[in-house]
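What follows is a short report on a single structure.
Start at 1 and go down the list; that is how both ligands and their atoms are numbered.
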Amino acid sequence: MTQKHSFDVIVVGGGGAGLMAALFASQTAKTAVLSKLHPVRSHTGAAQGGIGAALGNLEEDHWEWHAYDTVKGSDYLGDQDAIEFMCQEAIRAVYDLEHFGLPFSRTPDGRIAQRPFGGHTNNATGKPVRRSCYAADRTGHMILQTLYQQCVRRETIFFDEFYVLDLLLENGAVAGVVALELATGELHLFQAKAVIFATGGHGRMWEITSNAYAYTGDGVAVTLRRGIPAEDMEFFQFHPTGIYKLGILITEAVRGEGGVLINDKGERFMEHYAPHIKDLASRDVVSRALHLEMQAGRGIGGQRYVYLDVRPETVNHYAALDGRTRPDGSPYRVTAEEIQAKIPDIIDFCRTYLGVDPVKEPMPVQPTAHYAMGGIPTDINGRVVGDERGTVVPGLYAAGECACVSVHGANRLGTNSLVDLIVFGKAAGQDAARYAAGAGFQPLPADAEDFARQQLEHLRHGAGTERPAEIRREMQRLMFEQVGVFRTQEGLEQAVRQLQDLRARCRQVRVSDQGRAYNYELVNTWELGNLLDLALVTAESALARRESRGAHAREDFPRRDDENWLRHTLARLEGDRVTLSYKPVTITRYQPRERTY
Ligand SMILES: Cc1cc2nc3c(=O)[nH]c(=O)nc-3n(C[C@H](O)[C@H](O)[C@H](O)COP(=O)(O)OP(=O)(O)OC[C@H]3O[C@@H](n4cnc5c(N)ncnc54)[C@H](O)[C@@H]3O)c2cc1C
C-alpha cells in the first residue's frame, strides 16, 4: 500500500540549497524535506574553500567588482540581472550565516576572515582580492551543520533516506512527488502545492571526479522526463587540482594561500597562460593549461599530472617575485605552521590518501570533473521556467547546483556555488511559501505512482542480463575521454552513438538483489539511468555548440563566437531524441569583451 502525505511545500534535497529553502519556506508554509541521504551527509559538506562576498574586511572591495568578475568568469554567458542580484545579496547571505551561528575564521580584530580565490579581482588593479569568507577548509561542512541545526530548531519535518523517483504535474501545475522509502522499499505519495528541487550535481558521469557518489543528477533527470528542458548542459567544470587518479579535491584556497603549479621542467607554467593573475586564473583556463602542458610531455615524468606546490619555501619565493604583500603592506611570508592552520583538512587528506605531506612535498594533481553549470532553468525567484519564452511552471522551483539561473554561465568562479545556494535557496523558499499561500492542491490521479512502480518492477524482474557496473564504467570512461576538457566533432559524435548504445543496454539490466530494505543495487541502477540521460543531453548540447566558451573547449572551433552563440541552450529529451532550442542571454551593464587574465 502506498502511504500518502500532504504538505504545502516539498523540498527535494537536504544540502545547502535545500536546507536554506526549507528554513525560509517553513516560516509560513507546512514544509517537508525529502532527502536520499541524511542531510548533513550532502555534498555541500565537502566544500572547502569558502563563500564569496564583497565584505571588504581586509581590503577595498565592492559587490559590483564581484559581479564583473562573475560575468567575466562566465565567459559572458551568465545572465547579468541574476548575477547582480546574487553579488548584492551575497553580503547579507554571509551575515545571515554568521547570525545563524556559523563559526567563520576571523581576522585578528574579530571580523570574518577573507582570502583570495581564482578569478576574483580588484577591478582597478586586476590583482587578486581577498573575497572568500571561510571556516578553515571546511566551510561547506559548517554551512550544513549550521543550517541543519536552524531547521531542527524551527521544527522543519524531515523524511531522511527517501528517494524521489518522479514529479507529478496536473493541469500544467505541480501536484506532488513519488518517493521510495529506502529503509522499507515502500512507495510514498507526497501531495504538494509547491516542489523545490535542490538535488545537487551530476559529476559521477565522468571517470575522474571530485563529486560524491550521490551526484547522479536525479532532479534534472526527473524534470527532463516530465518535459522540462535542461539548460546549458554542455558546460561542465573541470577543476584543475584533483589528486591524481583519485579525484579528491585540493581546494583553490591552496593557490589562494600562495601555492603554485609546477611542470616537469620545474616551471611555474601559469605565467605563460595568464601573465596577470597566473595560478589564480579562472578554472577553465587553468584546467586547459594543465591539459596542454601534459599533452606537450611536460607532465611530471611525462605522466598525466603536474605538481601543486605549497611548501613554505616555494610560496615565499614566488610571493616575493610577485611582490605580494600582507594587508598591512609588509611582504607576504608563510611558515609551515600557518599553512597547517589554513588548510588542515587538505593536509590531512594528502597524508592519509597519498602518503604525501604538502608542507614538505608537492602534490600530484590533474583536471577533475567538478561542477555542473547547467541544470533546471529558473528565474531569480527560483521558479522553473519551462520554455524559451520564459513561461513559469506553476509551483515548480529549483535551487543550488541542479538549477541554472544562470549566474555561472559557461564557467563558475570558486566560492560562487555556496553563494548561489544561500541566495537562491532562500529566494526559492520564500517564493514557494508565498505561492502555496495563494494556491490550492491539484487533484492526484488514481495511478499517480504507476510510472515509478512499473520502472522499479522492470529493474527487479526484467529478462535482461546486462550488468550496471559495466555500463557505468564504460559511460564514465567515454565521457572523460570524449566530453572532457577538450572536445571535437568526431569525439562528440562517437560519444552520442555510444551513449545511445549504453542506454539501450541499460534497459536490459536486471538487478540481482530482490530485497526491499536498503536495496542500493536497485537505487544505484536507477541512478545510472539518470546519469545516462544527462550524459546524452550533455554530449548533444556540446556537439551542437560550434564555438569555445568557458568550460566548453572545441579543438575544431577554438574561438568564442558571440554573433552566433551568445545564447543559452535548452535541451529536451523524448525517448532517444534530444531536441535543442535557444534563448538569449540577459546583458545589463557588461558588454562582452575578450577575456584575459
Ligand atoms: C569537493 C568539493 C568542494 C567544493 N568546494 C566548494 C567551495 O569551496 N566553494 C563553493 O562555492 N563551492 C564548492 N563546491 C561546490 C558546492 O559545494 C556544491 O555545488 C554545492 O554544495 C551543492 O549544493 P546543493 O545544495 O545544490 O546540493 P547538495 O549539497 O549535494 O545536496 C543535494 C541533496 O539532494 C538530495 N537528493 C539528491 N537526489 C535525490 C533524490 N532523488 N531524492 C531525494 N533526495 C535527493 C541529497 O540527499 C542531498 O541532500 C565544492 C564541491 C565539491 C564536490
Specify side chain, backbone, both or neither for Gln48, according to which of its non-hydrogen atoms lie closer than 4.0 Å to ligand 1. backbone
Look at ligand 1 and say whether Asn211 reaches it with a heavy atom at a distance under 4.0 Å. yes
Determine whether Trp63 and Leu55 make a side-chain contact, defined as any pair of heavy atoms from C-beta on separated by less than 4.5 Å. no
Quick check on Gly140 - does any of its heavy atoms sit under 4.0 Å from an atom of ligand 1? no
To the nearest 0.5 Å, atom CZ of Arg412 lies from atom CZ of Phe236 at 10.0 Å
With a 4.0 Å cut-off on heavy atoms, is Gly414 touching ligand 1? no
With backbone taken as N, CA, C and O and side chain as the heavy atoms from C-beta onward, which portion of Asp420 lies under 4.0 Å from ligand 1: side chain, backbone, both, or neither? neither
Could a heavy atom of Arg41 be found less than 4.0 Å from some atom of ligand 1? no
Proximity winner for atom 1 (C) of ligand 1, if only heavy atoms of Asp166, Leu19, Leu249 are counted: Leu249
Going by the 4.0 angstrom heavy-atom rule, the piece of Leu418 near ligand 1 is both
For side-chain hydrogen bond (donor to acceptor under 3.5 Å, both in side chains), just list the numbers for Ser42 and Lys36, CA-CA rounded to whole Å, side-chain angles, deciding distance to a tenth of an Å, and then say yes or no. CA-CA 9 Å; Ser42 305; Lys36 68 178 178 180; over 6 Å; no
Students often mix this up, so state it plainly: with edges at 30° and 60°, are the rings of Tyr518 and Tyr520 parallel, tilted or perpendicular? parallel
Return the orientation label for the His188 and His5 ring planes: parallel under 30°, perpendicular over 60°, tilted otherwise. parallel
Is the His370 to Phe238 ring centre distance short of 6.0 Å? no
Under 4.0 Å, heavy-atom basis, I'd like to know which part of Phe162 is in contact with ligand 1: side chain, backbone, both or neither. backbone
Do Asp69 and Arg131 meet the salt-bridge criterion of a basic N to acidic O distance under 4.0 Å? yes
Between Gly400 and ligand 1, does any nitrogen or oxygen pair lie at a separation below 3.5 Å? no
Any atom of ligand 1 sitting under 4.0 Å from a heavy atom of Tyr215? yes
Structural part of Thr216 in contact with ligand 1, heavy atom criterion under 4.0 angstrom: neither
Report the relative orientation of the aromatic rings in His99 and Tyr95; use parallel for angles under 30°, tilted for 30 to 60°, perpendicular for over 60°. parallel
Gly16 near ligand 1, heavy-atom distance under 4.0 Å? yes
Report yes or no: does a heavy atom of Ala214 sit under 4.0 Å from some atom of ligand 1? no
Specify side chain, backbone, both or neither for Arg412, according to which of its non-hydrogen atoms lie closer than 4.0 Å to ligand 1. side chain
Flag the pair Arg255 and Asp279 as a salt bridge only when some basic side-chain nitrogen lies within less than 4.0 angstrom of an acidic carboxylate oxygen. no
Under 3.5 Å, is there a donor-acceptor pair between the side chain of Lys30 and the main chain of Ser6? yes
Are any of the heavy atoms in Thr415 under 4.0 Å away from ligand 1? yes
Going by heavy atoms, is Thr251 under 4.0 Å from ligand 1? no
Measure Pro39 to ligand 1 on non-hydrogen atoms and call it side chain, backbone, both or neither using the 4.0 Å cut-off. neither
